[in-house]
Amino acid sequence: MKTLAKCALVLGLAAAMVSCRKKTSEVTGPPVGQPGKPIVIGALFAVTGPASFLGAPEKKTAEMIVDQINAAGGVNGRLIQLIVKDTGGSPEKCISFTRQLIDENKVCAIIGPSTSGETMGIKNICETAKVPLVSCAAAEVIVNPVAKYVFKTPQKDSQAATWIFRTMKTMGIKKIGIVSGNTGFGKAGKNQLEKLAPEMGIEVLASEVYDKRATDLTDVLAKLKAKNVQAVVNWSIVPAQSIVAKNMKQIGLNVPLFQSHGFGNIKYVEQAGEAAEGTLFPGGRLLVVGSLPNGHPQKAVLEAYKTEYEDRYHEAVSTFGGHAYDAINIVVNAIRKAGSDDRDKIRDAIENTKGFVGTGGVFNFSPEDHNGLTLDAFEMLTVKNGKFELYRP
Amino acid sequence: MNTGKTAAGILLLTLLAVAVQVGASVSGRDYYLTQLTMAAYTAAVVMGLSLLVGYTGQISLGHAGFVAIGAYTSAFLSTAPLAHASGTALGKSLLRFHVLASRPELYGDGTVVSLAPGLAFLAGLLLAGLVAVGIGYPALRLHGHYLAMATLGFGLIVYRLVLGTAFLGAADGISSVPPLPILPGVACTGEPGQRIANYYIAAGFTLMVLLFLLNLTDSRTGRALRAIHGSERAAAATGIDTAAYKLKVFVLSAILAAAAGGLLTFYRGSIGPSDAGAMKSVRYVAMVAAGGMASVWGALVVGFVLTFLSLRGCFGSFDDAVFGVVLIVIMSFTPEGPFGPLRTLVVRFRARRRPALANGESEKEIPRVVA
């Protein structure tokens, strides 16, 4: 009898797993019975896992925008169906899901993935399958060399680095130390900083890499202190950005701290507390909507996105969600302009996008530039009284 | 377990594999083959590990490290440009004999010359084998779970190395890995046109691993391994060179892991450090445990099904949680693996039908869990 029960259990488990096969992804999408076939767009976001701070707001944003577009009647008289796959930040799943979206769901374009590693894993797949991909990941290698079908919305690392060095020059800083995390983002930033420093007349006295999960960075910072650096640049993502600020105060390294554009989430400021005051970093204008002058081209877009997102989800808007806002809108606008959901026509329309005002800046794509942003996309920001503010020297 | 049964099992599985492909193609659902192919390679790693864990009682907590050695060696050697070589006379003759291979640049007009993918793949196997000997030789001469400790450290080291090495792509990994030619016109690659061929490459590889492992466990070596698992001292006392056997099995399972990792890399076209992570290793061991430890069949089925469903995205955002629950349920109710109760049921059923034999024959068959 017991054996029989166990058999039933095993078979039941197998049946349960097979039956849950249906729910393979979250679909935001038209109600059944609408006229015309929906336009299917795929999305790959790291909603869970170590990169969930990127993927979660990206997914929420993309779903919100698609709901809004469908409520307004869709595109070209057709509704949009968004198929979101949670990659968990795993390149293996990302590859599997990309093939699913392309072969099975027959999507006309893909937005995401959230991280650079995942994007590089599928860059060739999208290129050979001729499916437009608008990535929400930062690394420059995604669009350099340019792949015909691959685009990205976040600003370039080199632009962020240039902003940092420019600000240093106005402050008279000549000798710096770099610390960076061992992630794709940290690696790309370190490379750009080290490449651009000599051109900008700045000397890098030390460049240290630390583990992304490190909880104490006094050792690497002590090395920088011993070299008498005039400023520290940290290039990483959570949570080291807060730790660097705190540890610098603890060991008495009282020089300006520059962070990357990855600092653009008020949570890091809260975690670092007092120590974050005065931190400088290049960031998109989404974080300082309130202090933008009226009439700034991006002001209306940013305000609308911020209010809608915060009303719907009851959490602060972040730069990363903004990348998805730009990606989905660029794709939808391209579909509108192409007048069809043909992959090649959409690709051409994306490449010809000019003057699109997004959260990251004003996008002008071209065959040579699949990022479409200029230095102007960034502002230098600082932390004052626990809030982000425009930096004015 | 006799040869007839094994042959029947393999034959059935082969037929099933063909039926799945034909069914998928006829119904226009070819796309399932992508995940089936990837799951088959993972199942091969799990089977190799089950030989080590289940039959010698040694645990490797660093198997993702061996997968990564196979994967990264294949990826690195087949992509690293040897530009200067193509100009020299030596380089030209090497090209002619397919020691080197040239391919067009994906995002440019030029061509790149690198080591032939087949040789890169073999180099991965060799390296994994050598590393396994290096770790296993000292660790396996000791009694107790020293191998688990050594491999845990090894796995972490491999992860750190690939994450910190610039020429291995650091955090980005290596992408644009070229296809691995197998027969004229057939290559191990993710190209949609080669999907059916690749499904059979993966299925063939996995079936060969299965056949090999079943034969091995049913041989003199297999009996020696089981004796070691039962009691190492008793085994040694009967004249079995325990250290040598354990080392052989460890090296073998490392090479199998590297082979599966290499083929999977050519299929995926890229490799990243997260494939070498400690959590991956834990997953492999967990799948072996859920398969019933000493059951090659159980390892195959559990490794294959769980990986397939995970890659299909069946568990959505709850992937790890569902995986954990399945493990807990299997471990607490049928620790002998999902086939344990089924097997017992079949044995009892037969015993009832042939009461005359019940005392003598079936006694032997009742669950010595060997699969």
Side-chain angles (χ1 to χ4, degrees), chain A residues 2-11 13-14 17-18 20-26 47-49 85-93 95-97 99-100 102-104 116-118 120-125 127-129 139 141 145-148 181-188 209 211-212, chain B residues 29-32 34-35 38 42 105-108 160 163-164 166 169-177 190-192 195 264 267-275 280 305-306 309-320 322 325-326 329-330 333-334 337-342 344-345 348:
Chain A
K2 217 173 155 197
T3 324
L4 211 61
K6 282 185 185 177
C7 278
L9 184 85
V10 170
L11 293 177
L13 204 64
M17 290 203 298
V18 174
C20 80
R21 214 191 66 205
K22 287 285 163 231
K23 194 193 156 290
T24 56
S25 45
E26 288 185 55
V47 185
T48 56
K85 298 268 186 192
D86 176 8
T87 65
S90 138
E92 189 178 22
K93 278 199 209 164
I95 290 170
S96 169
F97 293 163
R99 295 222 181 272
Q100 263 181 300
I102 295 174
D103 302 329
E104 199 169 330
S116 304
E118 292 171 273
M120 290 314 289
I122 67 166
K123 182 178 175 182
N124 296 347
I125 295 179
E127 183 72 2
T128 42
V141 281
V146 173
K148 221 179 145 201
N182 60 353
T183 58
F185 184 70
K187 178 199 156 200
V209 177
D211 188 76
K212 60 184 167 195
Chain B
R29 293 195 177 84
D30 260 0
Y31 43 74
Y32 278 110
T34 302
Q35 285 84 24
M38 291 167 86
T42 308
E105 235 178 319
L106 192 55
Y107 304 109
R160 288 290 147 195
L163 190 59
D172 291 333
I174 301 174
S175 47
S176 41
V177 180
E191 256 176 61
R195 190 153 43 199
L264 186 58
Y267 183 68
R268 285 171 38 173
S270 63
I271 180 76
S274 71
D275 294 287
K280 278 271 179 182
V305 172
L306 278 183
L309 292 175
S310 163
L311 287 176
R312 290 284 310 165
C314 285
F315 312 136
S317 295
F318 301 100
D319 198 41
D320 287 331
V322 173
V325 169
V326 170
V329 169
I330 292 184
F333 292 102
T334 76
F339 291 136
L342 293 175
T344 319
L345 203 69
R348 277 201 202 155

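Sequence lines set the chain letters: A, B, ... in the order given, protein chains first and strands last, and positions in each chain run from 1. FYI, side chains are in, hydrogens and waters are out, and symmetry mates aren't considered; it's all heavy atoms of this structure.
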Between A:T87 and the options A:E92, A:K93, A:E118, the side-chain hydrogen bond (donor to acceptor under 3.5 Å, both in side chains) test singles out A:E118
Scanning both residues in full, the closest heavy-atom pair of A:V47 with A:D86 reads N-OD1, 3.0 Å
Whatever's closer than 4.5 Å to a heavy atom in chain B on A:V209 counts as neither
Between the OH atom in B:Y31 and the CZ atom in B:R195, the distance rounded to the nearest 0.5 Å is 10.0 Å
Cut-off 4.5 Å, heavy atoms of chain A, and the answer for B:S176 is both
CG (B:D319) and CG (B:L311) are apart, to the nearest 0.5 Å, by 8.5 Å
Check your understanding: Just wondering, do B:D30 and A:D103 contact through their side chains at under 4.5 Å, heavy atoms?
Key -> no
So, the part of B:L163 with a heavy atom under 4.5 Å from chain A: the answer is side chain
On a heavy-atom basis, the closest approach of B:L306 and B:F315 is O-CE1, 4.5 Å
Original post:
Within a strict 4.5 Å, meaning less than it, do heavy atoms of the B:R268 and B:D275 side chains meet?
Top reply: yes
Okay, A:S96 and chain B: the region with an atom under 4.5 Å from a heavy atom over there is both
Looking only at A:T183, A:D211, A:T128, the option with the highest number of non-hydrogen pairs under 4.5 Å against chain B is A:D211
The interface call for B:I174 against chain A, heavy-atom contacts under 4.5 Å, is neither
Most heavy-atom pairs under 4.5 Å with chain A, out of B:P273, B:G190, B:G164, B:G272, belong to B:G190
Assert top hit (heavy-atom pairs under 4.5 Å, partner chain B, pool A:G117, A:P145, A:G186) equals A:P145
So, the part of B:R29 with a heavy atom under 4.5 Å from chain A: the answer is neither
Among A:M120, A:E127, A:K148, A:K123, the residue with the most heavy-atom pairs under 4.5 Å to chain B is A:K123
